[in-house]
Amino acid sequence: LGPAAGEVVDAGVLAPPHPHQPRESLRHGPGIGGGHAEALLVVEADTGKVLQADNATMPWYPASVTKIMTAYVTLKAVKEGRLALDQLLTVSPVAASQSPSKMGFRPGTQVTVENALAMMMVKSANDIAVVLAEGVGGSIDGFSAMMNQTAQKLGMTQTSYVNPNGLPADGQITSAR
């Protein structure tokens with residue numbers, strides 16, 4: 001599937017702006033390599049030196065980029081031995097009720113952590129992101145707290161998660177910085 005109607009797909013763009021952010025207020029400028037981005041932050045990994053910052057602190061709705069943090073927190077739990085890739089997780093009624101894009105499994109269906117990660121990342125499956133969240137954090141709220149703690153440790157000080165899948169929600173926000 002391609003981008004949603006009106007969605008800009010350029011290097012550096014995180015997602016469409018938060019629904020409360022008027023699109024007209026966004027500045028389009030040249031990015032590194034001649035591309036255009038509404039928000040951009042390029043940092044030299046070795047030194048931390050900022051090479052380019054355009055609208056780096058502008059709040060954005062993270063959308064499915066959220067699933068990258070969901071995968072990161074899940075894989076960290078695997079690395080720490082709190083769950084295994086072959087461990088079975090059960091689709092709950094809450095997970096099954098998520099809006100598309102989704103796998104559409106019925107409550108009670110079991111999937112391995114490994115397969116759930118693949119489905120979430122390849123299909124962008126919102127229901128499976130919740131399955132992982134419940135399996136790792138016990139609940140959406142518990143997992144969101146884990147995501148927020150991880151974001152802070154990574155220096156993502158302008159990021160707040162309230163769900164594991166990026167579906168629209170008050171309080172789910174990020175920036176390029």
Would you mind reporting whether [Y] and [X] have side-chain heavy atoms less than 4.5 Å apart?
{"X": "F143", "Y": "T74", "answer": "yes"}
{"X": "L89", "Y": "E134", "answer": "no"}
{"X": "K67", "Y": "N165", "answer": "yes"}
{"X": "K49", "Y": "V43", "answer": "no"}

Would you confirm whether [X], through its side chain, and [Y], through its main-chain N or O, come within 3.5 Å as a donor-acceptor pair?
{"X": "T109", "Y": "V91", "value": "no"}
{"X": "Q172", "Y": "V162", "value": "yes"}
{"X": "D127", "Y": "G104", "value": "yes"}
{"X": "S101", "Y": "K123", "value": "yes"}
{"X": "S160", "Y": "I173", "value": "no"}
{"X": "N126", "Y": "S99", "value": "yes"}

Treat each ILVMFWY residue as a node, draw an edge where side-chain heavy atoms are under 4.5 Å apart, and state whether [X] and [Y] are in one component.
{"X": "V131", "Y": "M103", "answer": "yes"}
{"X": "V130", "Y": "L75", "answer": "no"}
{"X": "V73", "Y": "M120", "answer": "yes"}
{"X": "I128", "Y": "M121", "answer": "yes"}
{"X": "V94", "Y": "L88", "answer": "no"}

Steps toward side chain to side chain contact (heavy atoms under 4.5 Å, CB included) verdict (L117, L85):
CA-CA 9 Å; L117 283 164; L85 289 174; 4.1 Å; yes

Restricting to non-hydrogen atoms, name the atom on [X] and the atom on [Y] that form the minimum distance, rounded to 0.1 Å.
{"X": "M58", "Y": "A39", "answer": "CE-CB, 4.2 Å"}
{"X": "T159", "Y": "N148", "answer": "O-OD1, 4.2 Å"}
{"X": "S64", "Y": "S124", "answer": "OG-OG, 3.1 Å"}

Salt bridge (charged side-chain N to carboxylate O under 4.0 Å, His left out) pairs, two or more places apart, involving residues 98-119
none

Any chance you could measure [X], atom [atom1], to [Y], atom [atom2], to the nearest 0.5 Å?
{"X": "N163", "Y": "D141", "atom1": "CG", "atom2": "CG", "result": "10.0 Å"}
{"X": "K79", "Y": "Y72", "atom1": "NZ", "atom2": "OH", "result": "8.0 Å"}
{"X": "T57", "Y": "D54", "atom1": "OG1", "atom2": "CG", "result": "11.0 Å"}

Got a sec, which residues hit salt bridge (charged side-chain N to carboxylate O under 4.0 Å, His left out) with E80, two or more places apart in sequence or on another chain?
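Partners of E80 by the salt bridge (charged side-chain N to carboxylate O under 4.0 Å, His left out) criterion, ordered by chain and then number, come out as K76, R82.
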
Between L40 and Q52, is a side chain to side chain contact (heavy atoms under 4.5 Å, CB included) present by the stated rule, with each step listed?
CA-CA 7 Å; L40 175 75; Q52 183 173 351; 3.3 Å; yes

Start with the C-alpha gap between M69 and L154, add the side-chain angles, then the distance that decides, and say whether side chain to side chain contact (heavy atoms under 4.5 Å, CB included) holds.
CA-CA 11 Å; M69 181 62 81; L154 293 173; 4.0 Å; yes

Checking Y161 against T70 for the side chain to side chain contact (heavy atoms under 4.5 Å, CB included) test, could you report, in this order, the C-alpha distance in whole Å, the side-chain angles of both residues, the deciding distance, and whether it holds?
CA-CA 10 Å; Y161 295 106; T70 298; over 6 Å; no

